[in-house]
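Below is one structure; the comments refer to it alone.
Note that the structure is predicted; figures quoted are calculated from it, not measured.
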Amino acid sequence: MKFLCFILISISVGWAEDSGLRYEKEKVCEQLHGMGKQKFKGLFIAVYSQKFPNSTLEEVTCLADEMLKLGERCCVEGSSADCYDKGATEISDKSCQADSPFPKHPGITRCCAKQDVHERKMCLASLHYSAEELPSLLDPTNEEMCEQYTQDPTGYSFRYMYELARRHRSAPTGLVLNATGSQLRMLEKCCKPAPSAMCFFTERFQGRHFNIFLRFTSNVCHNNINMKSYKTGLTAYFGSLLKISFEKAQSMAKDFQDALSKCCLQPNQECIIQEFTEFQKGLCDESMLGTMSEEFQKCCGKAPMDTLTCIENLKRQPQTLPDIQPISQSLCQPDSPQETERYLFQIGARQLTTSVPVITTALNHVKDRVEACCSDSDIQTCMSQKDGDVKKIITLLSKADEKCTQYFKLGMPAFKVMVEAEVQGDGDQAAAKAETLVDLSSACCFQHSPAQRCQALTEKLISYDKGAAV
């Protein structure tokens with residue numbers, strides 16, 4: 001499956017050069033013959049559900065069927081040399097029709113306006129719908145699942161794969177396929193002759209580690225793909241989680257992000273597992289392990305994949321950090337290129353409760369202001385003017401962290417009353433600001449917080465203060 005993600009996304013629009021097309025065709029035909037029609041179609045459904053999460057199952061299935069037909073037509077002995085290329089072109093042309101049954105995705109009109117066939121195919125291949133995170137997938141009752149599965153096993157598997165893939169669209173497709181396979185094996189085992197509650201409980205308990213790992217991987221991959229300056233936020237997070245220096249935290253953040261950038265959009269899960277295993281070795285190095293907490297050491301005693309999800313649940317710890325100074329020209333020294341990142345670390349590592357998306361978004365605003373001043377003709381004057389903005393963003397980030405602590409202590413009703421009382425003096429924006437603070441606390445105080453929603457809420461809070469507006 002090493003080349004499959006690229007193949008599946010690109011062959012639907014067939015933009016590669018002729019030599020590349022021949023190579024892709026060989027790989028596709030190899031997969032079709034090796035997997036069989038149903039599994040091959042299911043793989044397409046998973047990939048396109050990840051690529052276009054707001055499309056319907058019918059639209060995704062229609063495109064998957066077309067790709068299967070293309071493979072069946074062109075992967076047989078005696079098929080014409082241009083069968084594959086022509087078929088891919090026909091699919092891309094069909095995508096551009098007003099009544100196309102394929103997924104409707106943003107940017108398709110711009111792509112379809114291109115006259116050159118290869119340019120149009122390349123444009124279509126690059127489209128990727130970046131919708132907000134979807135709510136968690138809720139399983140029906142055991143009895144309902146058994147009824148659905150028994151009536152139509154294939155239809156159930158495609159529906160489940162579609163729903164799971166579109167909710168984990170940044171994770172390696174192989175993890176989604178494995179999770180679907182586990183679900184089907186559970187139903188096959190627990191539904192006959194009648195639904196068995198004990199069987200379902202046992203199977204879910206045994207599969208809990210993989211499900212936690214899927215959720216973890218999906219979250220960090222989604223953050224990496226959708227968040228600017230994610231490494232900056234990760235550096236601050238590792239600093240507060242492990243109570244380590246800026247240099248160690250930055251090195252760790254780089255290694256972790258490199259693994260995500262290399263593997264998240266790969267179809268095969270082996271890449272991410274191998275990279276995470278290597279990361280765990282560095283994380284749990286014996287030279288550092290003795291200085292870590294007992295809870296951390298217990299996490300390192302687990303299997304590599306379980307170590308990462310275990311450590312993620314540890315509480316972040318306050319550490320002694322220098323007082324945050326006003327931004328100044330010292331952050332722009334060419335011989336000290338890391339000074340801005342070190343400054344951001346000192347801000348972010350103080351946050352012990354709020355999620356990485358909130359921290360990253362706020363730090364990115366500070367970073368933008370500092371970098372803008374470093375490019376200004378009068379650096380120090382610019383810094384003096386922007387320092388007020390930076391202080392307000394830092395205050396906002398600290399308030400968000402404080403609100404997360406209060407949210408977990410009070411519960412929603414009492415927390416909402418407290419927030420509304422606190423912002424009463426903020427004039428016309430009081431109600432909107434209170435609502436945003438409540439929304440941010442309820443959505444973004446958890447490690448698996450939705451990246452895009454938390455970014456948007458943090459941006460919204462920043463925009464309420466005109467002095468800190470973008």
Side-chain angles (χ1 to χ4, degrees), residues 220 223-262 275 278-279 282-283 285 287-288 316 318-351 354 356-398 401 451 455 458-459 462-463 465 467-470:
V220 294
N223 286 349
N224 190 54
I225 290 168
N226 289 282
M227 288 171 53
K228 185 180 177 182
S229 301
Y230 182 45
K231 188 171 74 173
T232 300
L234 276 177
T235 301
Y237 170 72
F238 283 131
S240 60
L241 181 69
L242 306 178
K243 294 185 69 173
I244 54 178
S245 67
F246 163 70
E247 288 77 13
K248 288 182 179 178
Q250 188 182 54
S251 176
M252 193 168 290
K254 181 183 183 302
D255 290 344
F256 191 70
Q257 190 183 40
D258 285 349
L260 299 179
S261 299
K262 179 181 178 182
E275 289 295 320
E278 290 301 312
F279 182 76
L283 191 66
D285 186 87
S287 63
M288 189 175 76
R316 285 172 266 173
Q319 60 173 308
T320 303
L321 295 165
D323 292 337
I324 300 174
Q325 302 297 320
I327 56 172
S328 66
Q329 194 166 347
S330 64
L331 299 178
C332 305
Q333 300 304 318
D335 56 340
S336 302
Q338 293 298 315
E339 286 310 299
T340 296
E341 290 296 327
R342 186 186 302 277
Y343 181 76
L344 297 173
F345 172 80
Q346 292 170 4
I347 298 170
R350 285 174 157 81
Q351 317 310 316
T354 192
V356 173
V358 176
I359 296 171
T360 302
T361 306
L363 293 183
N364 189 57
H365 274 272
V366 176
K367 187 177 184 178
D368 285 347
R369 284 158 175 74
V370 170
E371 290 180 345
C373 286
C374 288
S375 302
D376 196 275
S377 57
D378 188 346
I379 296 176
Q380 193 53 52
T381 299
C382 179
M383 290 286 189
S384 298
Q385 293 172 345
K386 294 293 184 183
D387 187 58
D389 286 1
V390 170
K391 286 178 179 175
K392 288 171 184 174
I393 295 171
I394 294 172
T395 300
L396 181 146
L397 187 54
S398 297
D401 201 57
Q455 284 184 100
T458 307
E459 299 275 5
I462 292 173
S463 72
D465 192 324
V470 183

Indicate yes or no: at least one non-hydrogen side-chain atom of Tyr230 is less than 4.5 angstrom from one of Ile225.
-> no

Measure the shortest side-chain to side-chain distance between Asn364 and Asp368 over non-hydrogen atoms and say whether it is less than 4.5 angstrom.
-> yes

Exercise: identify the closest heavy-atom pair between Met252 and Leu242 = SD-CD1, 3.4 Å

Test side-chain hydrogen bond (donor to acceptor under 3.5 Å, both in side chains) on Gln351 and Ser240 and set out the steps.
-> CA-CA 7 Å; Gln351 317 310 316; Ser240 60; over 6 Å; no

Pairs of donor and acceptor atoms involving the side chains of residues 370-378, under 3.5 Å and at least two apart or interchain, shall be tabulated with distances.
unit_1: Ser375; atom_1: OG; unit_2: Glu371; atom_2: O; d: 3.2
unit_1: Asp376; atom_1: OD1; unit_2: Asp378; atom_2: N; d: 2.8
unit_1: Asp378; atom_1: OD1; unit_2: Thr381; atom_2: N; d: 3.3
unit_1: Asp378; atom_1: OD1; unit_2: Thr381; atom_2: OG1; d: 3.0
unit_1: Asp378; atom_1: OD2; unit_2: Thr381; atom_2: OG1; d: 2.6

Met383 vs Arg369 side-chain heavy atoms within contact, under 4.5 Å = no

Evaluate the ring planes of Phe238 and Phe256, with Trp represented by its six-membered ring, and classify them as parallel (under 30°), tilted (30 to 60°) or perpendicular (over 60°).
-> perpendicular

Is the shortest side-chain N to carboxylate O distance from Asp387 to Lys391 below 4.0 Å?
-> yes

Between Arg342 and Gln250, is a side chain to side chain contact (heavy atoms under 4.5 Å, CB included) present by the stated rule, with each step listed?
-> CA-CA 9 Å; Arg342 186 186 302 277; Gln250 188 182 54; over 6 Å; no

Are Thr458 and His365 close enough, and set up right, to give a side chain to side chain contact (heavy atoms under 4.5 Å, CB included), and what steps lead you there?
-> CA-CA 10 Å; Thr458 307; His365 274 272; over 6 Å; no

Between Tyr237 and Arg316, is any pair of side-chain heavy atoms under 4.5 Å apart?
-> yes

Any chance you could lay out the side chain to side chain contact (heavy atoms under 4.5 Å, CB included) test for Lys262 and Glu275, step after step, and finish with the verdict?
-> CA-CA 9 Å; Lys262 179 181 178 182; Glu275 289 295 320; 3.0 Å; yes

Heavy-atom neighbours of Lys386 NZ exceed 12 at 6.0 Å | no

Evaluate the side-chain proximity of Pro357 to Met227: yes if any heavy-atom separation is below 4.5 Å, no if none is.
-> yes

Under the side chain to side chain contact (heavy atoms under 4.5 Å, CB included) rule, what do Ser251 and Glu247 come out as? Steps first, then yes or no, please.
-> CA-CA 6 Å; Ser251 176; Glu247 288 77 13; over 6 Å; no

Atom of Thr232, atom of Leu344 and distance for their closest heavy-atom approach = CG2-CD1, 3.7 Å

Nearest heavy-atom contact between Ala236 and Leu363 is CB-CD1, 4.3 Å

Looking only at non-hydrogen atoms, find the nearest pair between Ala349 and Gln319 and report the distance.
-> CB-NE2, 4.3 Å

One should read off an interatomic distance between Leu234 CG and Leu241 CG, to the nearest 0.5 angstrom, of 11.0 Å

Closest non-hydrogen atoms of Val220 and Leu260, given as atom of the first, atom of the second and distance, are O-CD1, 3.5 Å

Do you know the tightest heavy-atom contact between Ala249 and Phe345?
-> CB-CE1, 3.8 Å

Using a 4.5 Å cut-off on heavy atoms from C-beta on, say whether the side chain of Ser398 contacts that of Arg350.
-> no

